[in-house]
Asks: 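Please find one structure pasted underneath; my questions will follow.
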Amino acid sequence: QLQLVESGGGLVQPGGSLKLSCFASGFTLDYYAIGWFRQAPGKEREGVSCISGRGVSTVFPSSVKGRFTVSTDKTKNTVYLQMNDLKVEDTAVYYCAAVPNDPKFGCSERFAYVGRYDYWGQGTQVTVSS
């Protein structure tokens with residue numbers, strides 16, 4: 001059974017850092033694209049980043065470029081989202097999602113959309129506040 005479990009969320013002050021984890025079970029990351037999304041209260045779920053089975057990553061919104069990076073540890077079947085210089089507006093529930101994807105291909109802009117993905121984790125809360 002394919003399952004995604006996020007962890008690492010919490011309360012952090014503006015300017016701080018957090019590293020979120022997305023542990024995948026029931027499948028290997030080689031043939032899946034993993035996306036990170038976030039949803040703030042009253043807002044739509046927003047695509048944050050994606051990493052392909054080959055480890056090629058993309059960060060989508062300009063608001064997080066240069067601050068967020070995504071990586072994979074295939075020995076742990078885990079994808080990470082490193083978030084630096086966090087801002088109050090980064091406060092949201094963060095989700096990871098998976099979709100089968102040929103490792104030859106990276107993550108195009110299509111992978112920024114909720115409908116692209118088949119499997120979702122339960123989310124982890126990130127709160128940035130002083």
Asks: Test Arg38 against every option in Thr91, Asp90, Thr124 by the side-chain hydrogen bond (donor to acceptor under 3.5 Å, both in side chains) rule and name the one that passes.
Replies: Asp90
Asks: For a side-chain hydrogen bond (donor to acceptor under 3.5 Å, both in side chains) with Gln39, tell me which candidate from Glu44, Arg45, Glu46 qualifies.
Replies: Arg45
Asks: Are the side chain of Arg67 and the backbone of Asp85 linked by a donor-acceptor contact shorter than 3.5 Å?
Replies: yes
Asks: Less than 4.5 Å apart, side chain to side chain, heavy atoms only: is that true for Leu20 and Tyr80?
Replies: no
Asks: Test of understanding: with ring pair (Phe, Tyr, Trp, His ring centres under 6.0 Å), list the residues that count as partners of Tyr32, not counting sequence neighbours.
Replies: Phe27
Asks: So does Lys87 have more than 12 non-hydrogen atoms from other groups sitting under 6.0 Å from NZ?
Replies: yes
Asks: Going by the rule side-chain contact (heavy atoms from CB on, under 4.5 Å), which residues pair with Ser17 if we only count those two or more places apart in sequence or in a different chain?
Replies: Gln82, Asn84
Asks: Which pairs pass disulfide (SG to SG under 2.5 Å) with one or both residues in residues 11-95, sequence neighbours excluded?
Replies: Cys22-Cys96, Cys50-Cys107
Asks: Would you confirm whether Glu6, through its side chain, and Gln122, through its main-chain N or O, come within 3.5 Å as a donor-acceptor pair?
Replies: yes
Asks: Can you name the nearest heavy-atom pair linking Ser130 to Pro14, along with the distance?
Replies: N-CD, 3.7 Å
Asks: Kindly give the heavy-atom pair with the smallest separation between Phe111 and Ala33, and that separation in Å.
Replies: CE2-CB, 3.6 Å
Asks: With ring centroids as reference points, do Phe37 and Trp120 lie under 6.0 angstrom apart?
Replies: yes
Asks: Taking atom CZ of Arg54 and atom NZ of Lys104, what is their separation to the nearest 0.5 Å?
Replies: 9.5 Å
Asks: Determine whether a donor-acceptor pair (N or O, by modelled atom type, separation under 3.5 Å) exists between the side chain of Thr78 and the backbone of Lys76.
Replies: yes
Asks: Which pair of heavy atoms, one from Ile51 and one from Thr72, lies closest together, and at what distance?
Replies: CD1-OG1, 3.2 Å
Asks: So, Asp73 and Thr75: side-chain donor and acceptor under 3.5 Å apart, yes or no?
Replies: yes
Asks: State the CG-OG distance between Leu86 and Ser129, to the nearest 0.5 angstrom.
Replies: 12.0 Å
Asks: State the OH-CG distance between Tyr31 and Asp102, to the nearest 0.5 angstrom.
Replies: 8.5 Å
Asks: Could you give me the CA-CA distance, side-chain angles and deciding distance for Asp30 and Lys74, then say whether side-chain contact (heavy atoms from CB on, under 4.5 Å) is met?
Replies: CA-CA 8 Å; Asp30 288 339; Lys74 290 185 178 179; 2.7 Å; yes
Asks: Quick one: OH on Tyr94 to OG on Ser49, what's the gap to the nearest 0.5 Å?
Replies: 10.0 Å
